[in-house]
There are 2 protein chains.
Amino acid sequence: MVDITIKDVAALAGVSAATASRVLSGNPATSPQARDKVAAAAIELDYRPNAQARALRSTRSDSIGLLVPDVRNPFFADLAHTVEQAALSEGYVTLLGNANEQKEQQDRYLETLISRRVDGIIVAPLGDGGGSIRSLIEREVPTVFVDRTVDGIDVPTVTTDSAVGIRQTVEHLASLGHTRIGYISGPQATSTGRDRYAAFAAAVTDAGLSQDLDLVYFGDFQAASGSAGVHVLLELNDPPTALLAADSLMAVGAIAILHKLGLRIGTDIALVAFDDIEWFALLDPALSVISHSVEDMGRIAFDLLLEVIAGQTPQSVVLPSELVIRASSSVPILPASSRRKN
Amino acid sequence: MVDITIKDVAALAGVSAATASRVLSGNPATSPQARDKVAAAAIELDYRPNAQARALRSTRSDSIGLLVPDVRNPFFADLAHTVEQAALSEGYVTLLGNANEQKEQQDRYLETLISRRVDGIIVAPLGDGGGSIRSLIEREVPTVFVDRTVDGIDVPTVTTDSAVGIRQTVEHLASLGHTRIGYISGPQATSTGRDRYAAFAAAVTDAGLSQDLDLVYFGDFQAASGSAGVHVLLELNDPPTALLAADSLMAVGAIAILHKLGLRIGTDIALVAFDDIEWFALLDPALSVISHSVEDMGRIAFDLLLEVIAGQTPQSVVLPSELVIRASSSVPILPASSRRKN
DNA sequence: CGTGGTCGTGGAATCGATTCCATGGAATCG
DNA sequence: CGATTCCATGGAATCGATTCCACGACCACG
């Protein structure tokens with residue numbers, strides 16, 4: 001690697017390194033001549049400042065960290081995209097990390113981000129408030145949580161009020177005649193897993209539907225557990241006639257297994273998924289979803305982070321969710337006798 | 001931000017910064033007593049080395065850059081995931097950037113990665129060899145291209161031999177009776193766009209099918225252009241009876257518009273997509289695809305990068321592709337007279 | 001008992017950029 | 001015209017960690 005330093009630029013321009021630095025960082029205390037010479041020299045040499053050295057001295061790195069639980073989850077891919085675009089427009093680079101829904105990898109990435117002295121971190125956290133999450137707070141690294149929260153850790157967050165969408169969904173399914181709704185839950189180690197489960201339980205109770213605990217399967221937000229959940233729920237003596245999956249990947253797993261079992265979604269069994277993904281509208285039948293805005297979530301998270309970096313303590317934001325009804329949950333339930341058996 | 005430096009650790013341990021540094025970086029020239037005291041002090045203070053300062057002095061940053069054209073494209077999300085896992089297992093952190101299929105943003109990210117002095121860069125490049133791509137080479141930054149190449153830039157690459165899968169697809173469609181295959185191409189500014197188009201043209205010629213130029217639509221690898229392509233191709237006086245989309249996002253766009261037009265995929269029109277995405281198997285009918293291994297591509301790209309960083313010049317690798325036949329292209333073509341009109 | 005060698009250690013230089021401080025020349029004012 | 005302010009500039013300190021170099025302590029050998 002051929003490295004060109006500010007001294008090379010200064011030498012070619014015939015000024016000192018100090019002056020070169022001033023010109024290159026837009027310090028007004030420079031003469032037009034110096035400005036021209038340094039600018040020309042920098043272009044001539046194709047000079048790129050060493051971000052390491054700059055950050056070392058000025059204690060800012062113009063970079064933020066974004067830690068998501070799974071890049072392959074379209075929701076988080078979209079989130080990464082919007083955060084990155086928002087950050088870029090403010091001159092920040094986003095270092096994206098992937099925790100793979102594993103606390104261990106999350107900790108490893110947080111360590112790295114801390115030691116790289118990023119200016120701030122946006123994280124969709126998992127696990128409890130232990131490990132590196134705690135370090136983050138103790139070291140006063142500007143931090144914002146997205147999508148999920150952590151008990152006992154008080155940082156600004158951007159979350160979705162899942163309860164509204166889930167209540168709408170349960171009421172919608174109840175109005176179609178469903179009395180037994182199967183719920184494929186997220187892990188209780190995540191706040192979204194817990195919140196959505198609580199919202200589901202409350203909505204089911206209020207709607208006067210079956211509160212049979214067997215109707216809940218606890219997955220891990222990954223596709224395979226969606227398949228497993230469907231398997232378990234359909235094995236019940238009195239299986240559900242409708243399913244609600246707590247995230248898109250588990251919904252994908254559920255769809256795959258329902259296809260394999262020969263069950264027609266929307267006719268034999270209703271299905272609704274949390275998270276609105278472009279692909280869901282393309283399925284046949286199109287999937288009903290509980291929708292919330294990733295764009296808003298990403299942009300607001302970054303805005304909050306900027307405020308935290310500036311030393312303020314902004315209020316947390318809760319975004320709405322709402323049911324979008326499509327073909328996968330629009331047909332009234334058939335009498336049990338006329339339903340196909342698998 | 002509360003920062004604890006190596007001096008704090010050294011002071012608490014009662015040794016000099018030099019000794020503390022030696023202990024912490026595993027230098028053998030240290031006494032057991034010093035080792036114990038420094039280790040205890042580091043834990044006591046929850047010390048994290050400043051990666052900036054370390055990288056500044058030692059000229060390695062233990063990080064690599066990965067630049068993809070679009071994180072929201074499942075193929076690249078998967079690629080990011082595999083590269084990241086491979087890198088992590090070797091102690092490297094991956095800084096992921098998103099070019100958004102725009103040369104300008106690609107250049108901006110490359111600038112940033114260069115100035116952060118990453119140890120190496122894996123990039124799925126776009127555009128010609130100008131701009132920052134050229135700087136990369138001139139500065140001898142260890143670089144590996146994945147998925148795509150750039151004319152005139154000679155760095156190790158990992159690509160897919162699209163020709164085999166495309167030839168299989170054309171032959172397969174021909175055997176079902178299709179004579180007019182519509183092709184939704186990627187942009188000719190990318191090597192994959194050009195290669196796949198050339199492969200398609202050659203295969204069509206060899207199979208003795210229509211070489212009508214109107215049957216080719218040039219898209220941009222994004223969903224909207226898939227929809228536009230279908231629109232244009234179906235407007236032809238003699239429209240195609242089968243479609244091949246050059247990537248998954250354009251296939252998604254194509255599927256969306258075909259649904260809207262009321263055309264049944266697999267029956268009214270055959271459809272095959274390049275890139276095997278989990279979701280494609282879930283569609284009804286399941287989508288035939290040209291499959292190639294992202295896992296191999298990501299892992300090999302990282303292996304090559306390690307070799308380049310070590311000063312070697314490894315051979316480029318070309319991975320195979322193959323047709324996977326599913327329901328979207330398995331029914332022989334119906335006589336034109338019996339087909340539905342849109 | 002003196003010399004040579006090993007070994008752990010601390011001081012100081014270093015990486016590249018930024019920034020404080022002092023300097024000298026030009027400009028402005030009384 | 002002398003005194004004061006202003007401003008561009010270069011020298012030097014600085015950020016935090018690594019590493020070269022030299023020093024002193026200790027052991028061993030002749």
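The structure presented is a predicted model; accordingly, all values stated were derived computationally and were not measured. Below, chains carry the letters A, B, ... as their sequence lines are ordered, and counting in each starts from 1.
Taking CD1 of A:I4 as the start and CG of A:L45 as the end, the distance is 5.5 Å to the nearest 0.5 Å. To the nearest 0.5 Å, the span separating CZ on A:R72 from CD on A:Q222 amounts to 6.5 Å.
Side-chain proximity of B:R54 to D:dT18, C:dG16, D:dT19: nearest is D:dT18. The side chain of A:S58 sits closest to C:dT18 out of C:dT9, C:dT18, D:dT18. For A:L56, the side-chain atoms get nearest to D:dC15 when compared with the rest of D:dC15, D:dG10, D:dT18. In the set C:dA13, D:dT9, C:dG10, D:dT9 carries the atom at the smallest distance from any side-chain atom of A:A29. Side chain of B:A18, nearest nucleotide from D:dT19, C:dT9, D:dT9: D:dT19. The side chain of A:T30 lies closest to D:dT9 when the candidates are C:dA17, C:dT18, D:dT9.
Put simply, CG on A:D36 is 11 Å from P on D:dT9, counting in whole angstrom units. As a whole-Å value, the separation of B:I114 CD1 from C:dG16 P is 16 Å. The interatomic distance linking B:K7 (NZ) with C:dA12 (P) rounds to 13 Å, in whole Å. In this entry the distance linking CG of B:N50 with C1' of C:dC15 reads 13 Å, nearest Å. What separates CD1 of A:I6 from C1' of D:dG11 is a distance of 15 Å, to the nearest Å. Distance, B:N27 CG to C:dG10 P: 14 Å, rounded to whole Å. Atom CG in A:L45 sits about 14 Å away from atom P in C:dG16, given to the nearest Å. Following rounding to the nearest Å, B:K37 (NZ) and C:dG8 (C1') show an atom-to-atom distance of 12 Å.
Each of A:R48 and B:Q33 was assigned the nucleotide of DNA chain C with the nearest heavy atom; the assignment lying further toward the 5' end belongs to B:Q33. Map A:S31 and B:I4 each onto its nearest nucleotide of DNA chain D; the residue landing nearer the 5' end is A:S31.
Considering only side-chain N and O atoms, A:S16 lies nowhere under 4.0 angstrom from the phosphate OP1 or OP2 of D:dT9. B:R57 has no side-chain polar atom (N or O) that falls below the 4.0 Å cut-off from OP1 or OP2 of C:dT14. The phosphate of C:dG16 (OP1 or OP2) has no side-chain N or O of A:Y47 nearer than 4.0 angstrom. Close to C:dG16, at under 4.0 Å from its OP1 or OP2, lies no side-chain N or O of A:T5.
You'll find a donor-acceptor pair under 3.5 Å spanning the side chain of A:R22 and the base of D:dG10, going by distance alone.
Not one N or O on the side chain of B:T94 forms a donor-acceptor pair closer than 3.5 Å with the backbone of B:L96. Using a distance-only test at 3.5 Å, with no hydrogens or angles considered, no donor-acceptor pair links the side chain of A:R54 to the main chain of B:S115. When atom types are taken as modelled, the side chain of A:D8 and the backbone of A:T5 share a donor-acceptor pair closer than 3.5 angstrom. With A:S16 contributing its side chain and A:T19 its backbone, the two residues share a donor-acceptor pair below 3.5 Å.
Inspection of the A:T30 and A:R35 side chains reveals an N or O donor paired with an N or O acceptor under 3.5 Å. A:N100 and B:H81 are linked by a side-chain donor-acceptor pair at a separation below 3.5 angstrom, with hydrogens and angles left out of the test.
Counting non-hydrogen atoms under 4.0 angstrom, A:A55 reaches nothing in the nucleic acid. Counting any heavy atom pair closer than 4.0 Å across all strands shown, A:A20 reaches no nucleic acid atom.
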Do any N or O atoms of the protein come closer than 3.5 Å to N or O atoms of nucleotides 23-28 of chain D, and which pairs are they?
none

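Of the nucleotides present, D:dG2 is the one that pairs with C:dC29 by Watson-Crick or G-U wobble criteria, both distances under 3.5 Å.
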Report task. Using the side chain to side chain contact (heavy atoms under 4.5 Å, CB included) rule, take B:E111 and B:S132 through it: C-alpha gap first, then chi angles, then the decisive distance, then the call. Result -> CA-CA 7 Å; B:E111 297 287 323; B:S132 301; 3.0 Å; yes
